[in-house]
Protein chains: 2
Amino acid sequence: MDLSPTPLLARLEAAPAWSVDRHRAMPPAGATLGDVVRALGFEPEGEAAGPAFPGLGTQRLRAGATLSREGDPADALFVVRYGSFKCQRVSEDGYEQVLAFAGPGDVLGFEALHVGRHTTGAVALEDVGVFVLPWAMLREGRRQSPALDHALQVALSRQLARAAEMAQMMAAVAAEVRLARFVQWVSARAAERGLSATRLRLSMGRRDIASLLGVAHETVSRAFTTLADWGLLHVNNRDIEILDAEALRAATRVTRGLPDEPAGARRLARTRLAA
Amino acid sequence: MDLSPTPLLARLEAAPAWSVDRHRAMPPAGATLGDVVRALGFEPEGEAAGPAFPGLGTQRLRAGATLSREGDPADALFVVRYGSFKCQRVSEDGYEQVLAFAGPGDVLGFEALHVGRHTTGAVALEDVGVFVLPWAMLREGRRQSPALDHALQVALSRQLARAAEMAQMMAAVAAEVRLARFVQWVSARAAERGLSATRLRLSMGRRDIASLLGVAHETVSRAFTTLADWGLLHVNNRDIEILDAEALRAATRVTRGLPDEPAGARRLARTRLAA
DNA sequence: CGATCGTTTGACGGTGCTCAATCACCGTGG
DNA sequence: CCACGGTGATTGAGCACCGTCAAACGATCG
């Protein structure tokens, strides 16, 4: 487990200065329903490309800022425009558990609908921008734009499927397998966005990865160097390069036991990218 | 991990005889949108209590039957009426991973929307009944019944929140803590349905629990007897009785390390319920 | 350039996975 | 009625992986 030395007390009283910018700030506004549809990864149909929709806003946060805090009253839905978040939950014993990472096109805050409060917190891993859709306008917005309605449905469907992927990461026994699956997940997400599927830059730290995978952060470090020793990838801090995608896939296929070190793996001593 | 001795091959060729009843069978039909709303845990408003809705069907399955298989084309949404399911995914190495358990009021198959195929399979743990809402009729149904639209939204929100709960179960390090959280989860679900929160009958076997929690099924057995030794609960096969709810809560609060055996725990030697 | 945080590596101990045997429970058929 | 085989649950023994504690290293930012 993580055991990140971040007791509840410390987190609470440390309410950071920039935390103020989590209050709605939608200065330029002027966003249309079509913009949201596009952010969700769909092409807006004609009627959605209309004028700015009243109530629809945007919000920017700096790295480390929290978009929503667990337990906060929720009055809006968020759609990530750029940047990435970690979604976490704080256990009663004060240790935080990362449940998912969210990137462009992902929907945040929907779990809050059924109780009116956020059940998970969202923290920006880098500078981010989101659309803000107040619950109050959602029904009208969906009525006015069938494309938005459909896009939201599909996005939620994706979200649910993602939860299953997350569970499968934590399902594997061996730490290397978990990490291999995580790297593949990051790679797939990058590819979806049109970025390189082999040269990755992680937006999250080892601690967050460890928390997601359910292992100690030292174990993540060791697993990274192990995968590098096997010649599957280069690791330099948060810069990862996949060297042997096929062998990496093979490593993820092992659920139980340990993956035998691939015989044909080219034993590149782990070298640094920047070197 | 599980390692349930259920290789892919065996599962596939064993396609059971009763598997045929997974083909749509909606003989009595006559279900209304209001029925579905009620199954989702809401009171249907006036207009939803109308006549039978065309396309809306029901389906019954016997214990062990599969409602949907991973990879199958999906053309409908399911709402559980009674009984319970396990939702699972089969890894490429042939071992199955339980991702969640679903009971009355839960929505199944929504993750399939964005790709048109089921990404997880659903297997009945007991005799079950579900409503079948074809995708084709969903839009019209939601338009015709705002109550259904709202109920579905809320149900999906619940579903997403549940995914987070699942992750938190697997987050704990110690097996006893994971199991304690699982028991609490079952208890909470039972209470929601108006059943006893202390006397529980598990609808799933040790293997399935183990798979969900990410431990070996032997470990689940051991953890059960350990919790019983601590006096937290009685265990007799699938019949569980919570003896000390407060101590159980305390046990779930520990995320890292091992929970110290509660000092004041009444050391009831684990006795059998049936004895 | 110093301070702070994140990452890496080491050593050790413990928990849980593996393998295996036993028991309890059923439905079947002798 | 009682063997019989099959499945699921429980318990035991041994070993290895990973969590813990600790320290060194590196990066980033002031």
Could you go through residues 181-190 of chain B and list every donor-acceptor pair under 3.5 Å that involves a side-chain atom there, pairing it with any protein atom two or more places apart or in another chain?
residue	atom	partner	partner atom	Å
Arg181(B)	NE	Thr252(B)	O	3.0
Arg181(B)	NH1	Gln168(B)	O	2.6
Arg181(B)	NH2	Thr252(B)	O	3.0
Arg181(B)	NH2	Thr255(B)	OG1	3.1
Trp185(B)	NE1	Glu165(B)	OE1	3.1
Ser187(B)	OG	Ala197(B)	O	2.6
Arg189(B)	NH1	Asp106(B)	OD2	3.4
Arg189(B)	NH2	Asp106(B)	OD2	3.2

Item checked: Axial bend angle, the helix from dC1(C)-dG30(D) to dC26(C)-dG5(D): five-pair end segments, nearest 10° -> 40°
Who are the side-chain contact (heavy atoms from CB on, under 4.5 Å) partners of [X], not counting sequence neighbours?
X: Arg206(A); value: Leu202(A), Val220(A), Ser221(A), Phe224(A), Val235(A)
X: Ala251(B); value: Ala180(B), Leu232(B)
X: Ala167(A); value: Leu99(B)

Notebook entry, point to check: From the list dT10(D), dG6(C), dG8(D), which nucleotide is the closest neighbour of the side chain of Arg207(B)?
Noted result: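 Of all the options, the side chain of Arg207(B) is nearest to dG8(D).
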Next item on the list: When you get a sec, tell me which of dT8(C), dA27(D), dT11(D) is the closest nucleotide to the side chain of Thr225(B)?
Entry: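 Closest nucleotide among those given: dT11(D).
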Margin query: Can you list everything that forms a salt bridge (Lys or Arg N to Asp or Glu O under 4.0 Å) with Arg201(A)? Sequence neighbours excluded, please.
Written below: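 Listed in chain order: nothing, the list is empty.
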Next item on the list: Go through the structure and list residues passing salt bridge (Lys or Arg N to Asp or Glu O under 4.0 Å) with Arg193(B), not counting sequence neighbours.
Entry: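 Salt bridge (Lys or Arg N to Asp or Glu O under 4.0 Å) check on Arg193(B) returns nothing, list empty.
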Listing time: all N or O pairs from protein to nucleotides 19-22 of chain C that are below 3.5 Å?
residue	atom	partner	partner atom	Å
dC19(C)	N4	Glu218(B)	OE2	3.1

Checklist line | Nucleotide dG6(C), atom P - distance to CZ of Arg238(A) in whole Å | finding: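 Atom-to-atom, Arg238(A) to dG6(C), this comes out as 9 Å.
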Check: Is the shortest distance from a Lys or Arg side-chain nitrogen in Arg253(B) or Glu246(B) to a carboxylate oxygen in the other one below 4.0 Å?
Finding: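 Counted as a salt bridge, because a side-chain N and a carboxylate O are separated by less than 4.0 Å.
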Notebook entry, point to check: Should Thr219(A) be listed as having a side-chain N or O under 4.0 Å from OP1 or OP2 of dC18(D)?
Noted result: no
Check: With sequence neighbours left out, what residues match Ser84(B) under side-chain hydrogen bond (donor to acceptor under 3.5 Å, both in side chains)?
Finding: Glu126(B), Ser203(B)
